[in-house]
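Quick notes on the structure that follows.
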Amino acid sequence: MTINTVAIALALLAAAPAAPAASEGEVWALARKANSAPAYEGYLLRFSQGKHSGKAIKAFYRVQNLPIPKGPWYHPSPYPSGVIVAPTAGSDTCRPPFFGEVREAAELEQGRDYLAARVANRPAGFQAYIAKYPDGACTRDLAYKLRIRREQIDRFRPIAGFGPLAPHPLMPFSILFTVDDYPARALRNRESGTVVAGFEVAEDGFVEGCHIVQSSGSAVLDQTTCRLFVGRMRYDPARNRAGVPVRSSLSHAFEWVLPPR
């Protein structure tokens, strides 16, 4: 290998981006390095009961020159600046036309557009629907979602030095779906299987653009997976090296198992 080749190889190695932190130890190391209240709060958002949570709580107060409280209020809020973790309130207030029902063509088109906007879950799609159907059956529902998203984007603010970070789920995948979510049609037909869904995590932690990477073999299970996952799942978003929230792409497998008869 010539000297020039070595120099080029070393330059490429130096320019290669660091792998985003994902494990608890890696995130704790970033928080300690940043040594700020938002960084410690960011660690606690991901690992509120983690190995270093006690030290993070003390450091959270110490860097602000605040006395450490005693008692049940000792733990700082695990959700910085009012981060919404639970499913969005009012997300199921609209009932679009079911395609098996006898409806006018215009109603069916409106229902299709609404379901498409919900699964994509992008503010631009909400705005397009509201503009197209200002008096539509589902317009109030999407206007509410749009307001929540506008408020939420301001809550995940940059944290200097707290990055790069991979996105982190804010709830276990195991509690996303219950037996009550099993589509009635899939139950009647005894349909089951594993769905692999691809999606994006936006800068505000919401899931967008869900699509099927690997089908379960059941269209209704595939569609239900994306609809429920987008509506319920929240993430602490990825951050770049400067600690600024950024969009990221992920995929995850979900298994639908038929309950006992």
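Contact detail for W28 and A56: the closest heavy-atom pair is CZ3-CB, 3.6 Å. Nearest heavy-atom pair across L30 and G163 is CD2-O, 3.5 Å. Heavy-atom minimum distance, I212 versus C226: CD1-SG, 3.9 Å. Shortest non-hydrogen contact noted between I153 and R150 is CG2-O, 3.2 Å. Between A19 and P164, the shortest heavy-atom distance links the atoms O-CG, 4.2 Å. Residues I159 and A39 approach most closely at CG2-N, 3.7 Å, considering heavy atoms.
A distance of 11.5 Å separates OG1 of T139 from NZ of K132, quoted to the nearest 0.5 Å. Rounding to the nearest 0.5 Å gives a distance of 10.0 Å between CD1 of I175 and CZ of R232. Put simply, CD1 on I130 and SG on C138 are 11.0 Å apart, with the number rounded to the nearest 0.5 Å. Here the SG atom belonging to C210 is positioned 11.5 Å from the CZ atom belonging to R227, to the nearest 0.5 angstrom. Interatomic distance, OG of S192 versus CG of L221, reported as 7.5 Å (0.5 Å rounding). For the atom pair CZ of F47 and CG of D236, the computed distance is 9.5 Å after rounding to the nearest 0.5 Å.
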**Request:** Show the numbers, then the answer: is there a side-chain contact (heavy atoms from CB on, under 4.5 Å) between V230 and F199?
**Result:** CA-CA 9 Å; V230 166; F199 52 93; over 6 Å; no

**Asked** L165 and R46: side-chain contact (heavy atoms from CB on, under 4.5 Å), yes or no, with the steps?
**Response** CA-CA 11 Å; L165 279 172; R46 296 181 174 220; 3.9 Å; yes

**Request:** Determine, step by step, whether R147 and F126 satisfy the side-chain contact (heavy atoms from CB on, under 4.5 Å) criterion, reporting the C-alpha distance in whole Å, the side-chain angles of both residues, the deciding distance to 0.1 Å, and the verdict.
**Result:** CA-CA 10 Å; R147 179 169 63 82; F126 298 165; over 6 Å; no

**Message:** Using side-chain contact (heavy atoms from CB on, under 4.5 Å), reason through F156 and L45 one step at a time and then give a plain yes or no.
**Reply:** CA-CA 12 Å; F156 282 105; L45 174 61; 4.2 Å; yes

**Request:** For salt bridge (Lys or Arg N to Asp or Glu O under 4.0 Å), just list the numbers for D204 and R149, CA-CA rounded to whole Å, side-chain angles, deciding distance to a tenth of an Å, and then say yes or no.
**Result:** CA-CA 8 Å; D204 58 4; R149 294 294 298 273; 2.6 Å; yes

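Under the 4.5 Å side-chain heavy-atom criterion for Ile, Leu, Val, Met, Phe, Trp and Tyr, V195 and L228 are members of the same hydrophobic cluster. When the side chains of ILVMFWY residues are joined at heavy-atom separations under 4.5 Å, either directly or via intervening members, L44 and I68 end up in a single hydrophobic cluster. The cluster map of Ile, Leu, Val, Met, Phe, Trp and Tyr, joined by side-chain heavy atoms under 4.5 Å apart, puts F229 and Y182 in the same cluster. Hydrophobic clustering keeps V207 apart from V196 (ILVMFWY residues linked when any side-chain heavy atoms are closer than 4.5 Å, directly or through intermediates). Follow the hydrophobic side-chain contacts under 4.5 Å out from L146 and you reach L115 in the same cluster.
R247 is not listed as a side-chain neighbour of P167, based on a closest heavy-atom distance of 4.5 Å or more. With contacts defined as side-chain heavy-atom distances shorter than 4.5 Å, the pair F60/L66 does not qualify. The shortest side-chain heavy-atom distance between Y40 and R62 falls under the 4.5 Å cut-off. Considering only heavy atoms from C-beta on, E203 stays 4.5 Å or farther from P237 through its side chain. Contact check for V179 versus P259: side-chain heavy atoms found under the 4.5 Å cut-off. Two residues are said to be in side-chain contact when any heavy atoms from C-beta on lie closer than 4.5 Å; L250 and Y235 meet this criterion. With a 4.5 Å cut-off on side-chain heavy atoms, T224 and F177 do not count as touching. Using a 4.5 Å heavy-atom cutoff, the side chains of F254 and H252 are in contact.
Side-chain contact, S218 with W256: no donor N or O sits under 3.5 Å from an acceptor N or O.
A donor-acceptor pair under 3.5 Å is formed between the side chain of H211 and the backbone N or O of G198. Panel note: side chain E151, backbone I148; no donor-acceptor pair is recorded below 3.5 Å. Not a single donor-acceptor pair under 3.5 Å links the side chain of D222 to the backbone N or O of G217. Proximity of a side-chain donor or acceptor of Y43 to a complementary backbone N or O of S48 within less than 3.5 Å is not detected. Judged by distance alone, with hydrogens and angles left aside, the side-chain atoms of S53 form no donor-acceptor pair with the main-chain N or O of Q49 at under 3.5 Å. Although no hydrogens or angles enter the test, the distance criterion places a donor-acceptor pair under 3.5 Å between the side chain of Q110 and the main chain of A137. At least one donor-acceptor pair under 3.5 Å links the side chain of D181 to the backbone N or O of T178.
The environment of R122 atom CZ is dense: over 12 non-hydrogen atoms of other residues, nucleotides or ligands sit within 6.0 angstrom.
For the pair R239 and F162, the cation-pi test (distance below 6.0 Å, angle within 45°) is failed.
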